[in-house]
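Just below is one structure, and these are the notes that go with it.
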Amino acid sequence: KLVEPAILRLLSSFVDKKHQNLVKYQILTGGKRLRPALAIIFCQMLGGKIKDVLPAASGLEILHNYTLIVDDIIDKSRLRRGKPTVWAKFGKSIAQCVGVSYSAAVSQAAAKSKNPARTLEFFSKTLKTIMDGEILDILFEQSGREDEPYIIKNRYKNITEKDYFKMAGKKTASLFKACCEVGGIAAKAKKKQLAALRDYGFNLGIAFQITDDILDIFGKEKEFGKVVGGDIAERKLGNIVMLYALKEFDAQDRKKFLKLLRKEKINESDIKDAVQLIEGTQSRQKALLLAKKFTEKAKNSLKHLPQNNWNRALEDIADFVVGR
């Protein structure tokens with residue numbers, strides 16, 4: 001209730017009234033507002049005031065949605081949160097313009113925060129880290145983008161768990177960590193407290209990404225809000241479930257699976273075949289156990305922070321992330 005009006009004000013300012021519906025569309029498709037919630041909760045847990053964290057918390061949610069607009073264009077995703085993506089609804093040119101507007105709104109949010117210069121630097125660092133992760137995610141694709149020479153030349157053919165965690169740490173966990181840190185900074189947290197909340201955010205972010213990987217293959221479209229099997233359709237090997245499945249496959253199934261991912265065009269039948277191969281392994285259960293492991297790591301970080309109602313709320317959030 002607090003963050004929504006602040007976000008809409010930031011997105012609408014300096015934008016022609018005729019175009020405000022374009023700019024507001026992405027935010028109004030929904031979303032859990034988990035990231036600004038983390039910033040606000042950590043601020044209150046440590047005795048800070050909401051007014052001191054609200055501009056930065058709003059900016060982080062806009063930053064998050066900016067990366068989603070870009071991500072959907074890159075992945076050619078037509079559905080998010082159960083609704084058409086910005087580019088699918090308005091076209092790629094408009095989506096790119098909207099993305100630029102979101103980027104500007106992030107800077108505005110930093111300008112309105114308690115420490116503008118520090119916040120802007122922090123936002124910039126986070127956004128660049130996310131884009132580093134996005135580049136890795138693209139390079140983990142096994143085929144496609146034949147008109148992009150850099151990708152063809154630098155594509156990963158073999159992806160290790162270490163590679164995966166580097167990508168997920170940058171693309172997803174870095175923003176969760178930033179949200180927690182922003183809340184702590186607003187509350188003037190001590191060094192040890194900042195380290196604990198950074199740990200919470202990072203581990204929560206990894207658990208979130210692993211859960212997303214599981215849902216991408218085994219979720220229900222109505223509940224997931226995105227097309228199930230999207231990672232297979234996009235030939236993405238940067239999915240922990242697929243990496244675990246590859247380890248279990250015998251030589252024949254491994255060859256068959258990689259051949260599917262490296263096809264020029266993947267159809268519905270190919271996706272079903274790939275899912276069927278994965279279902280014959282323990283990869284889903286292994287990924288779920290891994291997500292829970294990172295959730296427990298996140299919850300353990302909370303032991304070093306004030307034990308109050310906000311602390312318990314953060315435990316609930318950690319459980320929610322893997323229970324989606």
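- For the salt bridge (charged side-chain N to carboxylate O under 4.0 Å, His left out) condition, the pairs that include at least one residue of residues 119-136, sequence neighbours left out, are Asp132-Lys170, Glu134-Lys171.
- In the hydrophobic clustering of ILVMFWY residues, with side-chain heavy atoms under 4.5 Å counting as a link, Phe123 and Val3 come out together.
- Listed for the Thr85 side chain is a donor-acceptor partner under 3.5 Å among the backbone atoms of Ser77.
- For the pair Ser301 (side chain) and Lys297 (backbone), a donor-acceptor distance under 3.5 Å is present.
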Query raised in the report: Passes side-chain contact (heavy atoms from CB on, under 4.5 Å), Leu127 versus Leu175? Steps please.
Result: CA-CA 8 Å; Leu127 188 54; Leu175 182 54; over 6 Å; no

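- Residues in residues 167-199 take part in these ring pair (Phe, Tyr, Trp, His ring centres under 6.0 Å) pairs, two or more places apart or across chains: Phe176-Phe208.
- In the hydrophobic clustering of this structure, Ile210 does not group with Tyr200; members are Ile, Leu, Val, Met, Phe, Trp, Tyr whose side-chain heavy atoms approach within less than 4.5 Å, directly or through other members.
- Applying the side-chain contact (heavy atoms from CB on, under 4.5 Å) rule to Lys18 yields the partners Asp16; only residues at least two apart in sequence or on another chain are considered.
- Remark: the Ser113 side chain and the Thr119 side chain contain an N/O donor-acceptor pair separated by less than 3.5 Å.
- Note that CE of Met45 and SG of Cys180 are 9.5 Å apart. Values are rounded to the nearest 0.5 Å.
- Of all heavy-atom pairs spanning Ala233 and Ile271, the tightest one is CB-CD1, 3.9 Å.
- Sorted by first and then second residue, the pairs that involve residues 312-321 and meet side-chain hydrogen bond (donor to acceptor under 3.5 Å, both in side chains), not counting sequence neighbours, are Lys299-Asp319, Asn309-Arg312.
- In this structure, the separation between CD1 on Ile7 and OG on Ser12 is 11.5 Å, given to the nearest 0.5 Å.
- Note that the CG atom of Asn239 and the CD atom of Gln209 stand 8.0 Å from one another [nearest 0.5 Å].
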Report task. Tell me, with the steps shown, if Leu11 and Val15 meet side-chain contact (heavy atoms from CB on, under 4.5 Å). Result -> CA-CA 8 Å; Leu11 287 174; Val15 175; over 6 Å; no

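- Interatomic distance, OG of Ser58 versus CD1 of Ile40, reported as 7.0 Å (0.5 Å rounding).
- Side chain of Asn308 to backbone of Trp310: a donor-acceptor contact under 3.5 angstrom is found.
- Using a distance-only test at 3.5 Å, with no hydrogens or angles considered, no donor-acceptor pair links the side chain of Trp87 to the main chain of Arg78.
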Requested in this report: Could you check Leu314 against Leu38 for side-chain contact (heavy atoms from CB on, under 4.5 Å), going step by step and ending with a plain yes or no?
Outcome: CA-CA 8 Å; Leu314 289 160; Leu38 288 171; 3.7 Å; yes

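- Ala95 and Ile73 get closest at one heavy-atom pair: CB-CD1, 3.8 Å.
- Heavy atoms of other residues, nucleotides or ligands lying less than 6.0 angstrom from NZ of Lys255 number 12 at most.
- For residues 269-292, the pairs satisfying salt bridge (charged side-chain N to carboxylate O under 4.0 Å, His left out) are Glu248-Lys286, Lys263-Asp270, with sequence neighbours left out.
- Shown here for Leu10 and Ala105, the closest heavy-atom pair between the two residues is O-CB, 4.0 Å.
- Under the 4.5 Å side-chain heavy-atom criterion for ILVMFWY residues, a single connected hydrophobic cluster contains both Phe122 and Met131.
- Sorted by first then second residue, the salt bridge (charged side-chain N to carboxylate O under 4.0 Å, His left out) pairs that include residues 148-166, not counting sequence neighbours, are Glu161-Lys247.
- Sorted by first and then second residue, the side-chain hydrogen bond (donor to acceptor under 3.5 Å, both in side chains) pairs with a member in residues 59-68 read Gln26-Asn65, Arg33-Glu61, Arg35-His64, Glu61-Asn65, Asn65-Arg81; sequence neighbours excluded.
- With 3.5 Å as the limit, one finds a donor-acceptor pair spanning the side chains of Asn300 and Lys303.
- Hydrophobic clustering (side-chain heavy atoms under 4.5 Å, transitive across Ile, Leu, Val, Met, Phe, Trp, Tyr) groups Leu288 together with Tyr164.
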Please set out all donor-acceptor pairs under 3.5 angstrom arising from side-chain atoms of residues 188-198, sequence neighbours excluded.
residue, atom, partner, partner atom, Å
Gln193, OE1, Lys190, N, 2.9
Arg198, NH1, Glu181, OE2, 3.0

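- Within the structure, the salt bridge (charged side-chain N to carboxylate O under 4.0 Å, His left out) test picks out the following pairs touching residues 38-53 (sequence neighbours left out): Asp52-Lys114.
- Residues Ile240 and Asp213 approach most closely at N-OD2, 3.1 Å, considering heavy atoms.
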Report task. Test Lys83 against Leu79 for side-chain contact (heavy atoms from CB on, under 4.5 Å), laying out the working first. Result -> CA-CA 5 Å; Lys83 295 175 183 175; Leu79 201 66; 5.5 Å; no

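- The line from CG of Leu204 to OG1 of Thr295 is 7.0 Å long, rounded to the nearest 0.5 Å.
- For CD of Gln276, the number of neighbouring non-hydrogen atoms (other residues, nucleotides, ligands) closer than 6.0 Å is 12 at most.
- Expressed to the nearest 0.5 Å, how far CD of Gln108 lies from OG of Ser101 amounts to 8.0 Å.
- Contact annotation: the side chain of Tyr156 approaches that of Leu136 to within less than 4.5 Å [non-hydrogen atoms, C-beta and beyond].
- What you find for Ala187 and Cys43 is that their closest heavy atoms are CB-O, 3.5 Å.
- Residues forming a side-chain contact (heavy atoms from CB on, under 4.5 Å) with Ala173 (at least two apart in sequence, or on another chain): Phe202, Ile206.
- A distance-only check finds no donor-acceptor pair linking the side chain of Glu4 to the backbone of Leu2 [under 3.5 Å].
- Paired with Met242 under the rule side-chain contact (heavy atoms from CB on, under 4.5 Å), one option of Leu277, Leu261, Ile159 passes, and it is Leu261.
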Requested in this report: Apply salt bridge (charged side-chain N to carboxylate O under 4.0 Å, His left out) to the pair Glu141 and Arg235, showing each step before the final yes or no.
Outcome: CA-CA 5 Å; Glu141 292 171 4; Arg235 310 166 184 87; over 6 Å; no

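- Donor-acceptor pairing under 3.5 Å is lacking for the side chains of Glu264 and Ser143.
- Under the side-chain contact (heavy atoms from CB on, under 4.5 Å) criterion, Asn154 pairs with Leu139, Tyr150, not counting sequence neighbours.
- Not counting sequence neighbours, the partners of Phe320 by the side-chain contact (heavy atoms from CB on, under 4.5 Å) test are Lys32, Arg324.
- Between Asp75 and Arg145, the closest heavy-atom pair is OD1-NH2, 3.8 Å.
- With a 4.5 Å cut-off on side-chain heavy atoms, Pro306 and Leu46 count as touching.
- In this pair, Phe165 and Phe294 present their aromatic rings tilted. The plane angle is within the 30 to 60° band.
- Looking at Lys236 and Asp137, a side-chain N of the basic residue comes within less than 4.0 Å of a carboxylate O on the acidic one, giving a salt bridge.
- The number of heavy-atom neighbours closer than 6.0 Å to CD of Gln307, taken from other residues, nucleotides and ligands shown, is above 12.
- Aromatic pair Tyr244/Phe249: centroids not less than 6.0 angstrom apart.
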